[in-house]
Structures are given as C-alpha cells and as structure tokens.
Asks: 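Handing you a structure now.
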Amino acid sequence: MTISNAPAQFSPKQAVSSNRLLGLWRLMRGFRLIYVGAVLSLGIAALAKTATYLLLRYFVDDVLGRGFGVPFLLLVALGFVGLALGEGLFSFLSGRWAARTAEGTALRLRNYLFDHIQRLSFAYHDQTRTGELLQRSTSDVEAVRRFYADQAIGLGRIIILFAVNFVAIWNLNRNLAILSVIVVPVLVVVSYFFFGRVSRRYEEYQEQDARVSTRLQENLTGVRVVKAFARQAYEIDKFEKENWDKFQKGRRLILMHSLYWPSSDILAGLQMLAGFVIGGIMAINGTITAGTYLAYAGMVIWIIWPMRNLGRIIVQMSTGLVSYDRVMAIVREEEEPLSEGSYRPRGNVRGEIVFNDVGFSYGEGEQVLKHISFRVEPGQSVALLGSTGSGKTSLVNLLPRFYEYDSGSITLDGVELKEYPRDYLRSQIGIVEQEPFLFSRTIRENISYGVDREVSDEEIYAAARAAAIHEVIMSFPEGYDTLVGERGVTLSGGQKQRVAIARTLLRNPRILILDDATSSVDTETEGLIRRALQRLMEGRTTFVIAHRIQSVMNADLILVLDKGEIVQMGRHEDLMAQEGIYRDIYHLQARIEDELQQELEATVTV
Ligand code: DCP
Ligand code: MG
C-alpha cells in the first residue's frame, strides 16, 4: 500500500471539523480520486448486473424459438459472458480502491498520531491515561478505516443497486416497480430502530470489554503487589464478576442479532413472494412477457436483500463518526513548540543559572514551588535536599522547560529561559530521571540513545565506566548487544539507573541533572560513581538530588527544600553551623551509619 500519491504536506490537523462527514472527507486527501473511482466502479458493476437481466429478457422474448442461426446465439452468449466479466472486474476494482483509500488513510493517521502524541507536553500526558491514548490510536483509527472500507462504500452500494434496478423495473412495468418496493419503507424503519438498540447494547458491551481489559492489564502490571498482599482470591473474584458481566452483555447483543436477521428475512421473503406471485399472474394473463417476468424476478432481489443492511450500515456509520471525534480530540491538541524561541546561541551555554522568586504549580493545583531564588555560577554544582514531595523534581523539570513556571524569572547565561527554544535547551541539559526508562533494545542502543552522530565503542565504554556499569555489561554473554527487558536480561533497579547515567553522560551536556540517580545503588558503588562523576562534572553546571548527605556535602551550593520553599541554603560548613533540618539529617544519618559500623564490627569479632 503506497501513500506516495498523498500530498506530503498533508496533516490530519487540516481535517479537524465540527462537521464530521466533512472532516472524514478531508481526511481522505490524496485518495479522494481513487475513492470516487471506487464508487463509480460500483455503479458500473451494478449496471452490468442489471444489463444481464435485460439481456435475459431479450433472449427469452425475442430470440428463443425465432429460428436465429448459431452465430447469433453465440453472440448473445458472448454478451452474457462479457457482462459477467465486466461486473466481476468492476466489483473487484471498487473493493480494491476502497480498501486502498481506507488502508492508506488509516496508515497515515496512525503514523501521525504516534508522532503527534510524542510532541504533546508533559502536562498533557500527566492528565491523560495511557490506555486511552492507546485505544484511540488503535481501535478508533480502525473504526475510521472501516468507515471508508465498509460503511460508506456499503451505503453507496445499496443506493446504487436500488436506483439502477428500480429504474430498470420501472421502465418494464410501473406496477411491478411499485409492488417491489412496498415493504422497503417498513424494512428500513424496522432495521433502523432495531440497530439503534443494537448500538446501545454494543456500546455497553464495549465498555464492559474495556473494563475487563483494564482489570487484566492492571493485575498483570501489579502482579507483585497482588501476590505480596495475598489478594489473589479477591482479584480473581473481581475479575470473574466483570467477565461474567461481559458474557451476559455479549449474549444480549447476539440475541438482538439473532432476532433481527430471521425476522427481516421473513419480511423480505414475503415481499418477494408477493412480487413473484403477482408478477406470475401478470405473466399468465399476458400483461407482461415471460422475459420481463424473469428479468424482474432477478432484479427485485437486488433491491430487497441489500436493503436489509441499510439500518446496520447507518448505525455502524455512527460508530465511525464517534471514533472520528475521539481521534480528532487528540489531533486538535497543540504540540509543544520545540523550536519556538527568540534566542538560539550558536554554541553551548556557559551554565550560569539564576532563579528569582520563582513560583510554580501543576495546572490549577496549589503552588508546588514558592519564592525560589538562588544563583549558580557556570561549572558549579548544586545539591537539592528535602523530604519526599518537597518539590525537588518539579524544580529541576523547569530547566529543560518540561513545564512552564508561573511567576518570577529563571535566567540562563543572563537570558530568560522562555526565550530559548525548547530543543536547544534540551540539547544542552542532560537529565537522569528519578525513574529511568530503558527501551527493549540492546544496551548499546540504550546508551547511545538520542545521540545523532556516529558514536564509537570507546565513547560508549567510557560513559559506561563513568557510570560504574561497564564491568556488569561485560559480564553478560552478549555484552553490549544484550537485549534489555522481557526478551533479554532483566536489570536491577541500580543497574538501570547506571545505564541511564551512561546514556546521559554520552550526550556530554553542559548542564547535568541527576534526579536521585543513585537511590537504588549501594553506598560503595555510589562512591565509585561519585568519584567518576566528580571528574565529569568539572566545568559543567550540575544539579544533584540525593537523600544521602555524603552525596551532597561537596556541592558548591546546597538547597534544602521543604513544602516547595527553600528553607536553608549554603555550603556544607555553613549549614552545619546553623540549627535546622540539614544538621538534623546529618546527625541522624551519621548515627545510623555508626550503629551499622558497630554492628558490623561486632559480628566480625564474634
Ligand atoms: N506533583 C503534581 N503533579 C506532577 C508531579 C508532582 O501535582 N506531575 C506534586 C506532588 C507533590 C509535589 O508536586 O506534592 C512535588 O512533587 P515532586 O515530584 O517535585 O517532589 P520531590 O521530587 O521532592 O519528591 P521525591 O523525593 O519523592 O522525588
Ligand atoms: Mg522527585
């Protein structure tokens, strides 16, 4: 399936419309011509089919028994074959072109969504459930695809078949034409109302289905918690209840279907029976010819049977329209402008950072950071210390402009942060996140992630050594080519953190942020990393968030945060000289370590 004939600059954003049919039409850009071709082919196929019956009529009434020679009979036979081939060919073309439009549009939409979702802000992702995004980029896109492939084209087919055959019968005999559509309004009304009810049941069923999947997914992800709290029986019971509910709803849905098709069969059957009987009487009376009767009997089928599907298609179309809305709700979201900003320096930043009375809150929530003011010279290190929830991560997340501060000012090298384009800032700032995420790719790919240029093995090894993970990686049978994740090795929390540190170091950023980057690492390894980092941190402005005093005491500036405010600030010696949280934490940690030391010695001497 190619999308080469789609205009390259087309973005589904252009298809955002409050008129959903119009929006769906716009979404087809680049494929509209093929789609119109598909509908035209449908028409040609329908004409060929009807022409077959008219030829049959001619054959019965005007050819049979009139003593035509063999060559002429052959010609008529050839006509039948030609019409059948034509009908087949154009049906095929119509199906193929409709499918191509549907697949091409869906392919483009899925690609766009993937791209777009990655460009939405942190704030958007904070508020949006992953499952919701997943569903919209898969099953809702699928519903839009079906709209083009099945429903719109199906509706066209019904209308064209109806029109062509009705006109043909009308020209043969008006009474027959009227007779053959008597039941049609009843059929349409019944099926429309019926499928309206089906669609409500279908929605209920889908919702229940989503609940079952959510429960399943949650229990798979949280299986350790379930086991640890010995809640298996409880969870299984819950799941079975939801699953039973789904079963019941599915049964009711099927019941509706199994009621509709037979009853509509009876309606359509009665209609045809009436047509056959009355048409038969007319033929016997000589009102119509035998050929007309035969042609009528053939054509009327193509009026009645497709009609039974009308209600189904109209109702299904409404699901396509709803899905269009659900997809467009994401498309409508503004992307985080990455390159927007008036100040883009040629080279690297120096790394002087000044916070002046900065205030910040997530969305409409209460203030997470209040009156934050401090100053860091290029190349200095800043340590952030504070209880959990005090705002440390929030503070450092302002630097790459993951979130925008509400008040005050932050300057980098004397220029307001908001003047810098986000992509530039992010190329200058390396961040090791609190809960680093590794992709299910090889360790080498994970470490070199985000570096555009070719990187040599030596560089990768150097970064890994600095993060004290090189030896560990080399101990794996496949070394740096080992896959991470479910199909490869499972790394421990501390190993993951160290791979993430290597990944950030390789990018060689001017500003380095380590958000609790060594929290899952033992004291000894942490010491190793700290010493390696000390060399790497030289000349770069560094932010270190840590809970151990040892990791922060060498910093040029220590900020002690409490409930979003800086309560103490200074160097280790200054803070030790004052009363306050810092000294308390210091003494607490020192005492714990002493006790540990004593216990260790006690066990050794025993
Ligand atoms: N918060 C929020 N929305 C987010 C992230 C955090 O509302 N997307 C809230 C939760 C806390 C406050 O902000 O009340 C500060 O959270 P931080 O993550 O900044 O806290 P710390 O990093 O200091 O805590 P920890 O040591 O646990 O990492
Ligand atoms: Mg944090």
Side-chain angles (χ1 to χ4, degrees), residues 117-133 333 336 353 355 357-374 376 381-408 410 417 422 426 429-438 493-494 496-498 500-501 504 511-521 523 526 529 542-553 555 557-569 575 580-582 584-586 588-589 592:
I117 286 171
Q118 312 225 8
R119 292 171 194 274
L120 296 173
S121 66
F122 269 51
Y124 178 82
H125 284 289
D126 283 348
Q127 298 163 358
T128 315
R129 276 172 302 174
T130 315
E132 189 80 2
L133 289 177
E333 285 295 325
E336 193 184 33
I353 294 169
F355 275 61
D357 200 22
V358 171
F360 170 70
S361 60
Y362 289 101
E364 303 295 303
E366 62 178 293
Q367 288 235 302
V368 172
L369 295 173
K370 284 165 270 189
H371 310 297
I372 303 289
S373 300
F374 64 92
V376 202
S381 59
V382 185
L384 295 168
L385 203 70
S387 57
T388 128
S390 56
K392 305 179 294 294
T393 301
S394 306
L395 193 154
V396 294
N397 275 346
L398 295 180
L399 290 169
R401 289 184 67 190
F402 288 153
Y403 298 91
E404 299 294 330
Y405 44 102
D406 307 321
S407 59
I410 305 177
L417 212 55
R422 288 182 178 80
R426 291 173 196 176
I429 300 173
I431 185 161
V432 181
E433 294 194 36
Q434 192 160 15
E435 286 153 22
F437 176 83
L438 300 184
K496 263 195 214 161
Q497 281 190 330
R498 284 180 280 161
I501 293 176
T504 302
I511 299 169
L512 186 62
I513 299 172
L514 304 168
D515 188 352
D516 234 357
T518 50
S519 59
S520 315
V521 173
T523 328
E526 199 207 345
I529 298 176
T542 317
F543 288 80
V544 180
I545 299 178
H547 286 108
R548 291 191 195 114
I549 294 274
Q550 274 179 339
S551 324
V552 305
M553 55 194 272
L557 178 68
I558 300 168
L559 305 177
V560 183
L561 281 176
D562 187 32
K563 299 191 187 77
E565 282 180 282
I566 297 179
V567 288
Q568 279 185 296
M569 172 156 87
L575 297 180
I581 301 183
Y582 188 85
D584 296 346
I585 300 176
Y586 179 85
L588 192 71
Q589 292 192 354
I592 291 171

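What you see is a predicted model, and the numbers here were worked out from it, not measured in a lab. Hydrogens, waters and symmetry mates are skipped; everything else that's a heavy atom, side chains included, is used. All ligand and atom numbering here is 1-based and tracks the order in the structure.
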Asks: Quick one: which ligand 1 atoms are inside 4.0 Å of a heavy atom on Gln434?
Replies: 25 (P), 28 (O)
Asks: Could you tell me the residue and atom name of the protein heavy atom closest to atom 22 (O) of ligand 1, and the distance to it rounded to 0.1 Å?
Replies: Thr393 OG1, 2.6 Å
Asks: I'd like to check the side chain to side chain donor-acceptor pair (under 3.5 Å) partners of Ser551; sequence neighbours left out, ordered by chain and number.
Replies: Glu526
Asks: For the Mg ion (ligand 2), which protein N/O/S atoms are closer than 2.8 Å?
Replies: Thr393 OG1, Gln434 OE1
Asks: Is Lys496 salt-bridged to Glu433, cutoff N-O under 4.0 Å?
Replies: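 Between Glu433 and Lys496 there is no salt bridge, as every charged N stays at least 4.0 Å from the carboxylate O atoms.
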Asks: Would you check if the side chain of Gln497 reaches a backbone N or O of Glu435 as a donor-acceptor pair within less than 3.5 Å?
Replies: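 Checking the backbone N and O of Glu435 against the side chain of Gln497, no donor-acceptor pair under 3.5 Å is found.
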Asks: Among all protein non-hydrogen atoms, which one is nearest to atom 12 (C) of ligand 1, and what is the separation to 0.1 Å?
Replies: Val368 CG1, 3.7 Å
Asks: Return the option from Lys392, Gln367, Glu366, His125 holding the heavy atom at the smallest distance from atom 21 (P) of ligand 1.
Replies: Lys392
Asks: Specify whether Phe355 and Phe374 have parallel, tilted or perpendicular ring planes, treating 30° as the upper limit for parallel and 60° as the lower limit for perpendicular.
Replies: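 Ring orientation of Phe355 relative to Phe374: parallel.
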Asks: For atom 3 (N) of ligand 1, which candidate among Phe402, Tyr362, Phe122 provides the closest heavy atom?
Replies: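 Nearest option to atom 3 (N) of ligand 1, by heavy atoms: Tyr362.
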Asks: Pick whichever of Ala123, Gly391, Gly386 has a heavy atom sitting closest to atom 20 (O) of ligand 1.
Replies: Gly391
Asks: Just verifying a value: how many Å separate Ile558 CD1 and Ile549 CD1, rounded to the nearest 0.5 Å?
Replies: 7.0 Å
Asks: Return the set of residues passing side chain to side chain donor-acceptor pair (under 3.5 Å) with Asp357 (not counting sequence neighbours), or none when no residue passes.
Replies: His371
Asks: Rounded to the nearest 0.5 Å, what separates atom CE in Met569 from atom CG in Leu385?
Replies: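 Reported to 0.5 Å precision, the distance equals 14.5 Å.
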Asks: Kindly list each side-chain donor-acceptor pair under 3.5 angstrom involving residues 389-397, sequence neighbours excluded, with atom names and distances?
Replies:
unit_1, atom_1, unit_2, atom_2, d
Ser390, OG, Ser387, O, 2.6
Lys392, NZ, Gly386, O, 2.9
Lys392, NZ, Ser387, O, 3.1
Thr393, OG1, Gln434, OE1, 3.1
Thr393, OG1, Asp515, OD2, 2.8
Ser394, OG, Tyr362, OH, 2.8

Asks: Quick test of your reading of the structure: of Gly389, Gly365, Gly564, Ser390, whose heavy atom lies closest to atom 14 (O) of ligand 1?
Replies: Gly389
Asks: Less than 6.0 Å separating the ring centroids of Phe122 and Tyr403?
Replies: yes
Asks: Would a 4.0 Å cut-off, counted as strictly less than, catch a protein heavy atom around atom 10 (C) of ligand 1?
Replies: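 Within 4.0 Å: no protein heavy atom nearby.
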Asks: Should the proximity of Asp126 to ligand 1, defined as any heavy atom under 4.0 Å, be assigned to the side chain, the backbone, both, or neither?
Replies: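 Contact part for Asp126 vs ligand 1: side chain (C-beta onward).
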Asks: Considering the heavy atoms of Ser394, write down every atom of ligand 1 situated less than 4.0 Å from one of them.
Replies: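 Listed by number with element: 15 (C), 16 (O), 17 (P), 19 (O).
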Asks: Any carboxylate oxygen within less than 4.0 angstrom of a Lys/Arg side-chain nitrogen, looking at Lys563 and Glu366?
Replies: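 Looking at Lys563 and Glu366, the cut-off is not met.
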Asks: Please work out, at 4.0 Å between heavy atoms, whether the side chain, the backbone, both, or neither of Thr388 comes within that distance of ligand 1.
Replies: both
Asks: Output the distance between atom CD1 (Ile501) and atom CD1 (Ile529), rounded to the nearest 0.5 Å.
Replies: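 Atom-to-atom, Ile501:CD1 and Ile529:CD1 are 4.5 Å apart.
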